[in-house]
Number of protein chains: 2
Amino acid sequence: MAIFSKTCEYGIRAVFFIAHTSANGRRIGIKEIAAGIDSPEFFLAKILQDLSRKGIINSIKGPNGGFYISSENLKRPISDIVEAIDGNGLFRGCALGLKQCSEVNPCPLHDEFKAIRTRIYDMLRGINIDQFNQELLSGILSLKK
Amino acid sequence: MAIFSKTCEYGIRAVFFIAHTSANGRRIGIKEIAAGIDSPEFFLAKILQDLSRKGIINSIKGPNGGFYISSENLKRPISDIVEAIDGNGLFRGCALGLKQCSEVNPCPLHDEFKAIRTRIYDMLRGINIDQFNQELLSGILSLKK
DNA sequence: AGAATAAAAGACCAAATTATCTTTATTTAT
DNA sequence: ATAAATAAAGATAATTTGGTCTTTTATTCT
């Protein structure tokens, strides 16, 4: 198993791509995004519709329309995208799927994973979308396979 | 998304349960294990068959048969169970699903996740099944929901 | 107003995961 | 030998995830 679902992988990549290519209010269409991050177009459309409905990204219909990310949304941490798509299962809940697992009734892996979960959460919450723009622009980072 | 698949959650819980209840060569049947860890019996049977085939746990058919864990297998790290069931996707590969992601061509989350993946792997590799027995016996840890 | 453009929404399909039930093979005890 | 116990293997079904296509709605431009 991977860390994120396919949906979430595509979602994060698309958000970075939109932020990267549509800086200063310019919009970008679904076809171009899908090609840019190498994902199935119609599937990605569903994902972006969902993120748009949830207010994580922005969109406008019609000619010259497309997806973009408002300046407020650019400040969102990556954890917002992950939580919107995959929920908080990566950060909370028991690694062994036990409902009663807690501090007083810990599963065998409870303490070990507590630290790791916190670290993942802090990391994803500590960086926002905008922070990657410079690095993407300077060509250090890559979004395509 | 959770960290492990359902299959893996049940698998780990079952392995702990077998190790816990069948110390010194005693065997335990699938029904008892399923009840003990609160998992669907036939589904768990499949999982244990698989782990048995892969040599992670041991089993014997017939009267007084059942599952057990040899002393060598008790020394296995938890990572062996995870790798046998969920593969190494949690430890290796790109968090964003990019095939070309690497040190020289890193995805935006590459460095952040490198440390976390390593930590998860080291943790799961650093503790073996046997180590939990004492804690389970002393009642500190819990396997049932 | 009408045509063109683009996302939103809805219907559908495929594959993987999770789950259940039945039959078979192996071992033990009588 | 036979019966009983038990895991292994096989078949099938339900659910979730991943993916595709078509129709509708909103917007813009002429």
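Convention: sequence-line order gives letters A, B, ...; per-chain numbering from 1. Here the structure is a predicted model, which is why all the values come from computation and not from measurement.
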Looking at residues at least two apart in the chain, or sitting in another chain, which of them share a side chain to side chain contact (heavy atoms under 4.5 Å, CB included) with D111(A)?
-> K114(A)
NA contact type, I28(A), heavy-atom cut-off 4.0 Å: base, sugar-phosphate, or nothing?
-> sugar-phosphate
Please report, rounded to the nearest Å, how far the C1' atom of dC12(C) is from the CZ atom of F43(A).
-> 15 Å
Whole Å only: how far is the NZ atom of K54(B) from the P atom of dA8(D)?
-> 14 Å
Spacing between E41(B) atom CD and dT6(D) atom C1', to the nearest angstrom | 11 Å
Is the shortest side-chain N/O distance from Y10(B) to OP1 or OP2 of dA19(C) below 4.0 Å?
-> yes
When rounded to whole Å, the CG to P distance for the pair L44(A) and dA7(C) reads 10 Å
In whole angstroms, how far is the P atom of dT18(C) from the CZ atom of F42(B)?
-> 19 Å
Sugar-phosphate means primed atoms, P, OP1 and OP2; the rest is base. With that split, encode nucleotides 23-30 of chain C 5' to 3' as B, S or - using protein heavy atoms under 4.0 Å.
-> --BBBBS-
Do NZ/NE/NH1/NH2 and the carboxylate oxygens of R125(A) and D122(A) come within less than 4.0 Å?
-> yes
Verify the contact: side-chain N or O of T7(B) to OP1 or OP2 of dT18(C), cut-off strictly under 4.0 Å; return yes or no.
-> yes
OP1 or OP2 of dA7(D) sitting under 4.0 Å from any side-chain N/O of S52(B)?
-> no
Taking atom C1' of dA6(C) as reference, at what distance in whole Å does atom CD of E32(A) sit?
-> 13 Å
Determine whether any donor atom in the side chain of K46(A) lies under 3.5 Å from an acceptor atom in the base of dA8(C), or the reverse, and answer yes or no.
-> no
Does F91(B) have R117(B) sitting over its ring (NZ/CZ under 6.0 Å from centre, angle to axis within 45°)?
-> no
Between F17(A) and E32(A), what is the shortest heavy-atom contact and its length?
-> CE2-O, 3.9 Å
S59(A) vs dA6(C): side-chain N/O to OP1/OP2 distance below 4.0 Å = no
Any chance you could lay out the side chain to side chain contact (heavy atoms under 4.5 Å, CB included) test for R76(A) and D130(A), step after step, and finish with the verdict?
-> CA-CA 8 Å; R76(A) 277 182 186 274; D130(A) 204 27; over 6 Å; no
Quick one: do D50(A) and K54(A) make a salt bridge, cutoff under 4.0 Å?
-> yes
All heavy atoms of R26(B) vs all of T21(B), minimum pair found to be NH2-O, 3.0 Å
